[in-house]
Protein chains: 2
Amino acid sequence: MDDAAPKTRIQIRNRKVILTAGLEVFSANGFRGATLDQIAREAGLSKPNLLYYFPSKEAIYTALLDALLDTWLDPLRALDPTGDPITEILGYAQRKLALSRDFPRESRLFANEILQGAPMVRDLLKTDLKALVDNRAEVLQNWMDAGLIRRTDPVHLIFSIWSLTQHYADFDVQIRAVLDEEDPFPGAECFLDQLYRSLLEPRAR
Amino acid sequence: MDDAAPKTRIQIRNRKVILTAGLEVFSANGFRGATLDQIAREAGLSKPNLLYYFPSKEAIYTALLDALLDTWLDPLRALDPTGDPITEILGYAQRKLALSRDFPRESRLFANEILQGAPMVRDLLKTDLKALVDNRAEVLQNWMDAGLIRRTDPVHLIFSIWSLTQHYADFDVQIRAVLDEEDPFPGAECFLDQLYRSLLEPRAR
DNA sequence: TCATGATTTGACCGCTTGGTCAAACTCACG
DNA sequence: CGTGAGTTTGACCAAGCGGTCAAATCATGA
């Protein structure tokens, strides 16, 4: 954003510590709900010390969001137009689900931001994200036109993968309250596989 | 909660006005992010006047959540064990989607609460919600055992309907940023129908 | 060793927060 | 009209908020 490359080892370490603490606190409380005191306590630093490494609360938040958005969309970018369609789409869903399992706080940070109207990233959604989705929807459309997968709305298909996978991170509390098992992810993997296979595999005629 | 039946017309009207304003503000900012001043402004009342009708900020919030939870789960309760399975499940998904279309703020209020760890409703989830889901999962399981729909995990099936339908309310900003059309709901209806038909309709053998 | 820049912090500031309270106002009803 | 319960609000409070600053401490290389 505004910060050039950090120099000393201490800077690198402390910026990392602060971002980790910020992720913890922002993802659990949203931007407005989080406080610098909470983040400072979580990071084991004093409040003025936070503001020595980041110019403001908002700077910590946007640094997190910026880093997040890239890695978050990588699985979608990785979808290979020359690969086997069903394998590619199922693989995408599984990679996205793995992100929810391994980085639930990142998922909740993003969910909080969108839920509250995406004040910081709305423009990026309309440009970068829209361009990526339009592009990948075209890949899906080509597969459908070639009869390799059944016809359906490609954009809603992408939405459904986002929704179903992120749900297991964002609504974690609800899922664990309802489910008997400890770990919902094996069941989720299996269900998603079955769901998208049913939807996409061309029927014998 | 603590309040008995309101008496005068003014009380009925103002409690309603406050709850409407509270819904607007809480759903857009979460509990911690919302302020009484915002709610008072939205309601057209003074801040001390809010606290004449509700004992605290939290009381407004929990009153909203309590009212919400009931209506939110009605479509699931309405699932008829004696009806046609596919019609019932598709109907449930469509009714839930209609809730997202017609009451997006309620959906976002709930999403905020869950996302932030469900501090106010966690116990209800573990008792009431779990009981309801267990019960409806049994209905689904019976349909599967009878061969009326294909076998799949009934609880993950319910999760998927929640996830896919609420997504259109909770991630509204993202969807509108990506989608070309104004109104995502006709496309969503169609997609969900196709998705669950593919998953559930028994295959010819 | 010292000097210099990087790092850390206690004290503080102006503002917002949820909430209180006494005083004022409104209104139905005898 | 009057009177008492119901309603409204300006002024206020203590706590918490994001952020500042000067002074203290630390680290490092000459």
Side-chain angles (χ1 to χ4, degrees), chain A residues 1-65 112-113 116 119-120, chain B residues 1-65 112-113 116 119-120:
Chain A
M1 195 114 279
D2 47 343
D3 37 293
K7 306 187 168 187
T8 76
R9 272 153 254 153
I10 299 182
Q11 261 170 32
I12 291 170
R13 172 175 53 88
N14 278 354
R15 281 184 62 96
K16 183 117 197 159
V17 166
I18 291 168
L19 287 175
T20 304
L23 176 60
E24 185 71 34
V25 175
F26 282 128
S27 70
N29 300 97
F31 178 72
R32 289 213 51 188
T35 75
L36 286 177
D37 292 270
Q38 278 178 288
I39 299 173
R41 198 180 321 126
E42 183 78 26
L45 299 172
S46 68
K47 186 168 63 170
N49 208 1
L50 287 197
L51 295 161
Y52 173 73
Y53 290 102
F54 288 87
S56 68
K57 177 185 176 184
E58 192 176 310
I60 304 177
Y61 184 72
T62 55
L64 280 168
L65 272 185
N112 260 306
E113 166 72 7
Q116 309 198 353
M120 312 282 182
Chain B
M1 194 117 279
D2 48 341
D3 38 293
K7 305 186 172 190
T8 74
R9 271 153 255 155
I10 298 182
Q11 260 171 34
I12 292 170
R13 171 174 55 85
N14 278 355
R15 281 183 62 97
K16 183 114 196 161
V17 166
I18 292 169
L19 287 175
T20 304
L23 176 61
E24 184 72 31
V25 175
F26 282 127
S27 69
N29 301 96
F31 178 72
R32 288 214 52 185
T35 74
L36 285 177
D37 292 271
Q38 279 178 286
I39 298 173
R41 199 181 320 126
E42 183 77 26
L45 299 173
S46 68
K47 186 168 61 167
N49 209 2
L50 286 196
L51 296 161
Y52 173 74
Y53 290 102
F54 288 87
S56 69
K57 177 185 176 183
E58 193 177 309
I60 304 177
Y61 185 71
T62 55
L64 280 168
L65 272 185
N112 260 306
E113 166 71 8
Q116 310 199 353
M120 312 283 181

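Quantities reported herein were computed from a predicted structural model and do not represent experimental measurements. Naming: A, B, ... by sequence-line order, numbering from 1 per chain.
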Does some side-chain heavy atom of A/Asn112 sit less than 4.5 Å from a side-chain heavy atom of B/Asn112? yes
Atom CZ of B/Arg13 to atom P of D/dT7: distance rounded to whole Å? 10 Å
Protein-nucleotide distance (A/Asn29, atom CG; D/dC17, atom P), rounded to Å: 11 Å
How would you label the contact of A/Ile10 with the nucleic acid (heavy atoms, under 4.0 Å): base, sugar-phosphate, or nothing? sugar-phosphate
Determine whether A/Val25 and A/Tyr61 make a side-chain contact, defined as any pair of heavy atoms from C-beta on separated by less than 4.5 Å. no
Let me know the distance between CD1 of A/Ile12 and P of C/dA6, rounded to the nearest Å. 15 Å
In terms of heavy-atom contacts, A/Ile39 and A/Ala21 come closest through O-CB, 3.6 Å
Under 3.5 Å donor-acceptor pair, B/Lys57 side-chain atoms to C/dG19 base atoms: no
The nucleotide from C/dT17, D/dC17, C/dT20 with an atom nearest the side chain of B/Leu51 is C/dT20
With the side chain defined as heavy atoms from C-beta on, A/Ser56 is closest, among C/dT20, C/dG19, D/dG19, to D/dG19
Would you call A/Phe26 and A/Glu113 a side-chain contact if the rule is heavy atoms closer than 4.5 Å? no
To the nearest angstrom, the CZ-P distance between B/Arg15 and D/dT8 comes to 14 Å
What nucleic acid atoms does B/Ala40 come within less than 4.0 Å of, heavy atoms only: base, sugar-phosphate, or nothing? nothing
What closest approach, in Å, do A/Lys47 and A/Asp37 show between heavy atoms, and which atom pair accounts for it? NZ-OD2, 3.6 Å
Atom-to-atom span, CZ of B/Phe31 to P of C/dT17 - whole angstrom: 14 Å
A/Arg41 atom CZ is separated from D/dG16 atom P, nearest whole Å, by 11 Å
Between A/Leu36 (CG) and D/dT20 (C1'), how many Å, whole number? 13 Å
I want to confirm an ordering. Mapping B/Pro48 and B/Arg9 to their closest nucleotides on DNA chain C, which one lands closer to the 5' end? B/Pro48
Length of the CG-C1' vector between B/Leu50 and D/dT8, whole Å: 12 Å
Looking only at the side chain of B/Asn14 (C-beta and beyond, no hydrogens), which of the listed nucleotides D/dT8, C/dG19, C/dT8 gets closest? D/dT8
Phosphate-side-chain proximity, A/Arg32 and C/dT17, N/O vs OP1/OP2 below 4.0 Å: yes
For D/dT8, does OP1 or OP2 lie under 4.0 Å from any side-chain N or O of B/Tyr53? yes
Between A/Gln11 and C/dT7, is there a contact of a side-chain N or O with OP1 or OP2 at under 4.0 Å? yes
When you measure from the side chain of B/Asp37, which nucleotide among C/dT8, D/dC17, C/dG18 comes out closest? C/dG18
D/dT7, OP1 or OP2 - any side-chain N/O from B/Tyr52 closer than 4.0 Å? yes
